[in-house]
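Whatever order the structure lists them in is the order used to number ligands and atoms, beginning at 1.
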Amino acid sequence: MKYVSTRGQSKKLTFSEAVSEGLAPDGGLYVPEIMPDISGKIRDWEKLDYAGVCFEFLRLFADDIPDEDLRSIVNASYTKFDVPQIAPLKKLESGLYLLELFHGPTLAFKDFALQFLGNLYEYLLSKSSRKINVLGATSGDTGSAAINGLLGKKNVNIFILYPEGRISPLQERQMTCTGADNVFPVAIDGTFDDAQAIVKELFGDNAFKSKWNLSAVNSINLARILAQCVYYVYAWTRLPEPERSNPTFIVPTGNFGNILAGWMAWKMGMPAAGFRVATNQNDILYRLFKTGIYEVSAVKPSYAPSMDIQVASNFERFIYFAEKGDSAKVREIMAGFKANGKWVFDNFKAEGFSASKMDDSEIPQKIKEVYEKYSEVIDPHTACAFKDLSGSGAKVVVSTAHPAKFPALIEKAVGVSPKAESLEILKSKKIVKKLMRASARDVREYIEANAIR
Ligand SMILES: *Cc1c(COP(=O)(O)O)cnc(C)c1O
């Protein structure tokens, strides 16, 4: 299997190459050249456990990695989850299910891809005798999941910048209490945008970037999307037979990576009625799927902060597939959107997607309603997915974070304070972080002093 850029102006790569590259040199995102057909296989996968399904699925894509190596990478990636099912599918009532994706080490769905990516990086580095330094900025979940995925891995150090005092205390502990000596959390005296700007500036300096083998672990990486396809397929194999023909997956959405993965599994032959994009009040994708107009507006901070995104980076992959692989058209759309902050699609087709939106004013009420009806405490991101359960066939609501990550809001909404053992343990650990001014120069010096080479 080869991987091509959505913009069509980079050369085709193998799986390992595309994973190491991240963003394509032409600015596009890597996609499989052809979509394999899994429709004849997935019924047999119901006999397998999560890691088994994951291996069978990923070997269709990672065909430049020997099977026995891929199997051990996959097996190692799902050992830090706290339930044997890894991604339990819980029945709430007839035809309504909750797919719990928060049983990983940092209690959000990003662990599914970043645990795998961490092990994959370690494997690829061991083959090439290269060493890399991962650099990123985070407003919360991604940084902690990336750190946990790379924790203690050989040949890689990780530097994550975050805005001091502007992420939740628990999120900060997830990044700063690891005790690992290849992890360097940097608290920036500034905003998330300041941290992001420093990262961009350092990546923009080619000499610095190549000297230290700087690498990113952002949500556009091919391996992240493919690892996320797996839990949709796994959930499908766990649905009762009569409900397998047309389930609708409802997914709390920000950067469009999670839901796109489910939609790709559908394109490969997993039966489904459709995929519902559930946004918070940052509703660019909701507006797109209602009107065919993709237009940015200002980010409004919300109770579901991991979805406080306007430009959804994975959306470009959808455009590529919707335009049937016409990369000239993708370039035209992306350039037009970049220039004007807006693109009006003519004859827009939703291609299996529908959308809903939930304002902050509704989120605590929805958490309470779900608690009273099903005795389930859901987190504020998952709450957004309960907005619209309409349509025929089974509904699978994708639950993206553990409620214990948001204790104050949950306590206010339902009067109970959810707990998670891994977060309780963190509370007694020592915080190790470097506080720095919002200065690219200072951060550069810090990296130079601590980078692996
Ligand atoms: C990252 C995240 C999302 C958004 O997922 P995308 O793949 O960016 O659409 C939703 N909920 C939680 C809890 C997250 O951490």
Side-chain angles (χ1 to χ4, degrees), residues 29 87 98-115 117 136-149 162 167-168 170-171 174-175 192 217-232 249-264 275-286 288-289 299 302-318 353 355-358 363 367 377-387 397-406 409-410 418 420 423:
L29 313 186
L98 197 63
L99 177 61
E100 294 185 349
L101 300 183
F102 53 72
H103 293 281
T106 71
L107 309 179
F109 85 89
K110 292 182 175 74
D111 288 326
F112 281 82
L114 285 163
Q115 289 290 309
L117 192 65
T138 189
S139 53
D141 284 342
T142 308
S144 44
I147 284 176
N148 200 291
Y162 65 91
I167 66 171
S168 83
L170 285 173
Q171 283 175 325
Q174 286 185 314
M175 293 195 279
F192 170 68
V217 282
N218 40 31
S219 77
I220 50 91
N221 195 292
L222 175 74
R224 285 185 64 177
I225 298 293
L226 294 176
Q228 288 172 186
C229 295
V230 175
Y231 46 73
Y232 289 93
F249 291 89
I250 309 178
V251 188
T253 295
N255 247 325
F256 203 65
N258 191 354
I259 197 166
L260 179 83
W263 183 83
M264 282 173 63
F275 293 82
R276 188 159 299 152
V277 174
T279 75
N280 64 18
Q281 59 201 13
N282 294 288
D283 62 350
I284 181 170
L285 290 169
Y286 170 78
L288 168 83
F289 285 108
V299 173
S302 80
Y303 288 141
S306 297
M307 290 152 56
D308 289 349
I309 285 160
Q310 279 289 332
V311 182
S313 44
N314 272 293
F315 186 59
E316 182 166 343
R317 285 189 167 104
F318 167 72
F353 284 111
S356 70
K357 159 194 179 170
M358 189 176 281
I363 290 178
I367 293 172
V377 180
I378 54 167
D379 93 288
H381 301 81
T382 306
C384 296
F386 278 88
K387 173 77 186 192
V397 172
V398 173
S399 182
T400 50
H402 194 293
K405 290 189 106 169
F406 309 92
L409 182 72
I410 304 287
L423 293 178

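- For ligand 1 and Thr253, the ligand atoms under 4.0 Å from any heavy atom of the residue are 9 (O).
- Listed by number with element, the atoms of ligand 1 under 4.0 Å from a non-hydrogen atom of Phe256 are 6 (P), 8 (O), 9 (O).
- Counting only heavy atoms of the protein, atom 14 (C) of ligand 1 lies nearest to Lys110 NZ, 2.8 Å.
- Checking only distances, Asp141 does come within under 3.5 Å of ligand 1, N or O to N or O.
- Within the 3.5 Å criterion, the main-chain N or O of Ala304 finds a donor-acceptor partner in the side chain of Asn280.
- Considering only non-hydrogen protein atoms, atom 10 (C) of ligand 1 sits nearest to Met307 CG, 3.7 Å.
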Which is it for Val299 and Ile309 under the side-chain contact (heavy atoms from CB on, under 4.5 Å) test, yes or no, and what are the steps along the way? CA-CA 6 Å; Val299 173; Ile309 285 160; over 6 Å; no
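- With ligand atoms numbered from 1 in the order given, ligand 1 contributes 13 (C) to contacts under 4.0 Å with heavy atoms of Ala401.
- Considering backbone and side-chain N/O of Asn258, one or more are found under 3.5 Å from N/O of ligand 1.
- The closest side-chain donor-acceptor pair between Asp308 and Asn282 falls under 3.5 angstrom.
- Closest of all the heavy-atom pairs between Gly257 and Gln228 is O-NE2, 3.3 Å.
- Aromatic ring orientation, Phe353 versus Phe256: tilted (interplanar angle from 30° to 60°).
- Within the 3.5 Å criterion, the main-chain N or O of Ser144 finds no donor-acceptor partner in the side chain of Gln174.
- Considering backbone and side-chain atoms together, Gly257 places an N or O closer than 3.5 Å to an N or O of ligand 1.
- Of the N and O atoms on the side chains of Asn314 and Arg317, at least one donor lies less than 3.5 Å from an acceptor on the other residue.
- Checked against a 3.5 angstrom limit, the closest N/O atoms of Phe109 and ligand 1 fall outside it.
- When only non-hydrogen protein atoms are considered, atom 9 (O) of ligand 1 lies nearest to Gly254 N, 2.8 Å.
- Between atom 11 (N) of ligand 1 and the options Asn255, Leu101, Thr400, the minimum heavy-atom separation is to Thr400.
- Checked by atom type and distance alone, the side chain of Lys405 never pairs as donor or acceptor with a backbone atom of Leu423 at under 3.5 Å.
- Between Ala108 and ligand 1, not a single N/O pair is under 3.5 Å apart.
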